[in-house]
Amino acid sequence: MRLPRPNRLWALGLLPFLALALVRLQDGASAQHGDYAQYLLHARAVTEGRAYEDTGYLYTELNPVIGPVAYPPGLPLALLPVVAASDDPRPLARPLMLLFALGFLVLAAIYFARRESVRTGWFVAILAGLSLPFLQWSTKLGTDIPFCALIWLTILLMDRPERPTRGSAVLLALAGGAAIAFRSAGIALIPAALLYLLLNRRRGPGVILSCVALWVAVFVASAVLLPTASSYADQIPRSPGKIVSYLLGGVLDYRHAFSDAVLGSWLPGLTAKLWRGLALALMAVGLIGWLRREWRSYLACFTLFYAGVVLAFPAHMTRYIWPLYPLLLYGVLRGLTSVLTFRFRTGTTPRWIHAVPAAVVLVLVAGQAWVALRAPRVPDLREEPGVQALMDHLRTGADAEGRRVVFFKPRVLTWETRLPAMGLVVASPDAWVGELCSQGITDVVTGNLGAAPAGDKSLRQAIAAHPERFEKTWSEGAFVLYRFDRGTCADPGSDSPR
C-alpha cells in the first residue's frame with residue numbers, strides 16, 4: 001500500500017489534524033455523551049469474569065434511545081488490556097483512538113491518491129479530520145473513529161486494481177469483520193460486497209464471497225449471542241407512513257452533517273450560508289462526475305447501502321456520516337476543479353486554475369484552526385458542579401450496598417460507582433412508579449444539566465404525584481437524591497452486585 005517514492009510528502013497533510021487534535025486533547029466527555037461508559041463496562045465485566053452484558057446498566061423499554069442492553073464487542077475487546085491495567089483507562093485509551101483517527105485519514109488519502117491523484121489524496125487527508133466535533137472526538141473513547149478507519153481499510157483493499165493476494169484477502173476479511181464487530185452499521189459492507197461482485201464479475205468471486213461469509217457470521221454471532229439490537233428494534237416505526245416520515249426526517253437531520261463536512265462553521269452568518277450552498281452545489285457536480293466514472297467501485301456500492309443504514313438507524317447524528325467525509329470533501333474539490341476547467345475543456349488549462357483548490361484548502365485549514373483554538377474546553381461530566389459529590393455519596397454512603405439508581409447518565413454513574421442504574425424516561429407518574437418497581441430501583445436523582453430535560457421534568461411530576469413514595473435524602477448543586485419507598489412493589493428478582 002506504499003505510494004510511489006516522489007509522493008511520500010502526502011503525510012504532511014496529517015500535520016494540521018494532528019496539531020489541532022492535540023490542542024483539543026483536554027476536552028472531556030460532556031453531559032451529552034455516555035456511550036463510552038458502556039464500552040468500559042463491557043470490558044470490565046469480561047476482565048472480572050462476568051457475562052459480557054452484566055454491566056449494571058438497567059435497560060428500559062420506556063427510553064431505548066439511551067442504548068441497548070449490550071453494544072457490539074469490537075471496542076470492549078480492544079480495551080481489555082487498558083481496563084485490566086487501570087481503574088481509569090480513558091487516558092490510556094487516548095493514544096489508541098488517535099491512531100485510529102490517523103489511520104482513517106491515511107487510508108482515505110491513499111485511496112484518492114491512487115484513484116485520482118496524489119494532490120487530491122493530500123487535500124483529502126488535510127480536510128477530512130478538521131471539523132471541530134471530529135477533532136474533539138479524535139482522542140475520546142468511542143467506536144465512531146475506529147469504525148471509520150476499518151471501513152476505509154476495507155474499501156481500499158476491495159477497490160485495489162490488482163487481484164487480491166492471500167495476505168490482502170485475509171486482511172480484507174478481518175478488516176470488514178472488525179468493522180461489523182465495532183458497529184452494527186458495518187452490515188452495509190455485506191450487500192455492498194454482493195452488489196460490487198455483481199457489477200465486477202471478473203473480480204475474484206471466491207475471495208469476496210469468503211469475506212462476505214465471515215462478515216455475515218460476525219454479524220449473526222453478535223446479534224444472536226448478545227442483545228445488541230434490543231433497543232434499536234424498539235424504535236423502528238411499523239406503519240408505511242411513519243417509515244416515510246422517519247426517513248425524510250433523517251434526510252433533514254443529516255443536513256447538519258453535510259454542513260459540518262464542508263468546514264464553514266468559522267464564517268459569519270450569511271457568508272457561512274453562502275459557502276455551504278456553494279460547497280453543496282460543487283459537491284453535487286463533483287460526485288455526479290465521480291459516479292459516472294466510478295459507479296462500479298466498492299466505494300460507490302458501500303456509500304449507497306451505508307446511506308440507507310444511517311437513514312434507518314434510530315438516531316440521526318452527525319458522527320454517523322464521518323465515514324463519508326472523505327468522499328464528500330473529494331466531491332467538493334472535484335466539483336471546484338470541474339467548474340474552473342469547464343471553459344478550457346477543449347484547450348490548455350492555465351496553471352493558475354490548479355492553484356485555486358490549494359488556496360481553498362489553505363483558507364479552510366486556517367478557518368478551522370481558528371475555530372479549534374478559540375472553542376472553549378468541553379468539561380468532563382465528573383467536573384460539573386455536584387456530579388462528583390453525588391457519585392461519592394452514592395458510592396460511600398451508609399446504605400450504598402444494594403442501591404439501584406435512576407440518573408440521567410446511568411452508564412456513567414454505573415462505571416464510576418459500580419451501582420446498577422437506569423436512565424430517565426418520559427411517562428405518566430403511575431408508569432414511572434411501575435417502572436421503578438419492576439427495575440428494583442431504590443433511589444432516584446433529579447437534575448440533568450440540560451441533557452435530558454423532558455425525562456427530568458417527567459420524574460419531578462412523578463415525585464409530585466406520589467410524595468409518599470419519595471423521601472429527599474441529599475442534595476448538592478443541580479442534583480437532588482430521593483429514596484424510593486418500594487411499598488407494595490413485588491420482588492424484582494435477582495439483585496446481584498455488579
Side-chain angles (χ1 to χ4, degrees), residues 27-45 53 55-71 75-76 79 87-90 93 133 136-137 140-144 231 314-315 317 319 378-395 397 400 403-427 432 435-436 439 441-460 462-463 474-482 484 498:
D27 285 333
S30 74
Q32 301 292 336
H33 303 119
D35 289 353
Y36 77 89
Q38 188 165 348
Y39 296 118
L40 292 172
L41 287 167
H42 284 308
R44 184 161 71 186
E53 65 270 24
T55 61
Y57 161 53
L58 304 177
Y59 171 80
T60 171
E61 293 181 358
L62 298 181
N63 191 0
V65 175
I66 295 173
V69 175
Y71 274 135
L75 183 58
L79 292 173
D87 291 334
D88 185 9
R90 285 194 295 167
Q136 292 171 328
W137 280 69
K140 306 299 176 290
L141 202 55
T143 57
D144 298 281
S231 75
M317 299 184 182
R319 54 194 171 93
V378 178
D380 195 82
L381 176 60
R382 295 173 297 183
E383 300 168 5
E384 296 285 0
V387 173
Q388 192 60 55
L390 170 67
M391 292 181 176
D392 290 341
H393 176 79
L394 290 171
R395 181 173 45 235
R403 269 182 165 154
R404 295 166 74 91
V405 186
V406 169
F407 186 59
F408 82 104
K409 286 298 171 187
R411 298 170 296 180
V412 177
L413 187 139
T414 297
W415 169 253
E416 297 291 340
T417 67
R418 290 183 172 265
L419 297 174
M422 183 188 91
L424 296 172
V425 306
V426 177
W432 254 110
E435 186 68 3
L436 296 178
Q439 296 279 6
I441 299 299
T442 62
D443 300 84
V444 302
V445 180
T446 59
N448 68 103
L449 301 177
D456 188 61
K457 179 180 178 181
S458 182
L459 174 57
R460 292 174 189 271
I463 293 171
W474 180 92
S475 67
E476 183 167 329
F479 301 102
V480 180
L481 177 67
Y482 295 87
F484 175 61
R498 302 293 202 286

Students often mix this up, so state it plainly: with edges at 30° and 60°, are the rings of Phe408 and Phe479 parallel, tilted or perpendicular?
parallel
Quick one: does Glu476's side chain have a donor or acceptor within less than 3.5 Å of a partner on Pro385's backbone?
no
Rounded to the nearest 0.5 Å, the CG atom of Asn63 sits from the CE atom of Met422 at a distance of 8.5 Å
Results of side chain to side chain donor-acceptor pair (under 3.5 Å) for Gln136 - residues two or more places apart only:
none
Under the 3.5 angstrom rule, does the side chain of Gln439 hit a backbone N or O of Ala421 as a donor-acceptor pair?
no
Applying salt bridge (charged side-chain N to carboxylate O under 4.0 Å, His left out), name anything that partners Glu383, two or more places apart in sequence or on another chain.
Arg377
Euclidean distance, Tyr36 OH relative to Leu75 CG, rounded to 0.5 Å
13.5 Å
Find the distance between CD (Glu384) and CG (Leu390) and round it off to the nearest 0.5 Å.
13.0 Å
Validation row: Pro410, Ile66 side chains within 4.5 angstrom (heavy atoms)
yes
Kindly say whether Thr446 contributes a backbone atom to a donor-acceptor pair with the side chain of Asp456 at under 3.5 angstrom?
no
Is a side-chain donor or acceptor of Thr414 paired with a backbone partner of Pro420 at a separation under 3.5 angstrom?
no
Measure across Arg460 and Gly447 and return the closest heavy-atom pair with its distance rounded to 0.1 Å.
NH2-N, 3.6 Å
List the steps, then state whether side-chain contact (heavy atoms from CB on, under 4.5 Å) holds for Ile441 with Leu58.
CA-CA 10 Å; Ile441 299 299; Leu58 304 177; 3.9 Å; yes
Can you tell if the side chain of Arg418 reaches within under 4.5 Å of the side chain of Arg44, non-hydrogen atoms only?
yes
Between Lys140 (side chain only) and Asp27 (backbone N and O only), is there a donor and an acceptor less than 3.5 Å apart?
yes
First locate atom CG of Leu62, then atom CG of Leu424, and finally report the distance between them rounded to the nearest 0.5 Å.
11.5 Å
Short question: side chain of Arg382, backbone of Met391 - any donor-acceptor pair under 3.5 Å?
no
Does Glu435 have any salt bridge (charged side-chain N to carboxylate O under 4.0 Å, His left out) partners at least two apart in sequence or in another chain, and if so, which?
none
Pairwise side-chain contact, Asp35 with Thr143, heavy-atom cut-off 4.5 Å (strictly under)
no
Return the set of residues passing side chain to side chain donor-acceptor pair (under 3.5 Å) with Trp432 (not counting sequence neighbours), or none when no residue passes.
Ser458
Check the pair Leu449, Leu381 against side-chain contact (heavy atoms from CB on, under 4.5 Å), reporting the backbone distance first and the verdict last.
CA-CA 9 Å; Leu449 301 177; Leu381 176 60; 3.7 Å; yes
Can you give me the closest heavy-atom contact between Ala93 and Leu79, atom names plus distance?
CB-CD2, 4.2 Å
I need the minimum non-hydrogen distance between Pro89 and Leu40, along with the two atoms involved.
CG-CD2, 3.6 Å
With side-chain contact (heavy atoms from CB on, under 4.5 Å) as the criterion, how do His33 and Trp137 come out once you've worked through the C-alpha distance, each side chain's angles and the decisive distance to 0.1 Å?
CA-CA 11 Å; His33 303 119; Trp137 280 69; 3.3 Å; yes
I'd like to check the side chain to side chain donor-acceptor pair (under 3.5 Å) partners of Gln388; sequence neighbours left out, ordered by chain and number.
Asp392
What I'd like to find out is whether the side chain of Ile463 reaches to under 4.5 Å of the side chain of Val444, using heavy atoms alone.
yes
Please report the interatomic distance OG1(Thr55) to OH(Tyr39), rounded to the nearest 0.5 Å.
12.5 Å
Taking Tyr71's backbone N and O only, do any of them form a donor-acceptor pair with His42's side chain (distance below 3.5 Å, no angle check)?
yes
When every non-hydrogen atom of Trp474 is compared with those of Gly386, the smallest separation belongs to CH2-O, 4.1 Å
d(Arg404 CZ, Leu419 CG) to nearest 0.5 Å is 10.5 Å
Val406/Val425 under side-chain contact (heavy atoms from CB on, under 4.5 Å): CA gap, chis, key distance, verdict:
CA-CA 10 Å; Val406 169; Val425 306; over 6 Å; no
Checking Tyr482 now: which residues fulfil ring pair (Phe, Tyr, Trp, His ring centres under 6.0 Å) with it, not counting sequence neighbours?
none
Is there a donor-acceptor contact under 3.5 Å from the side chain of Arg90 to the main chain of Leu141?
no
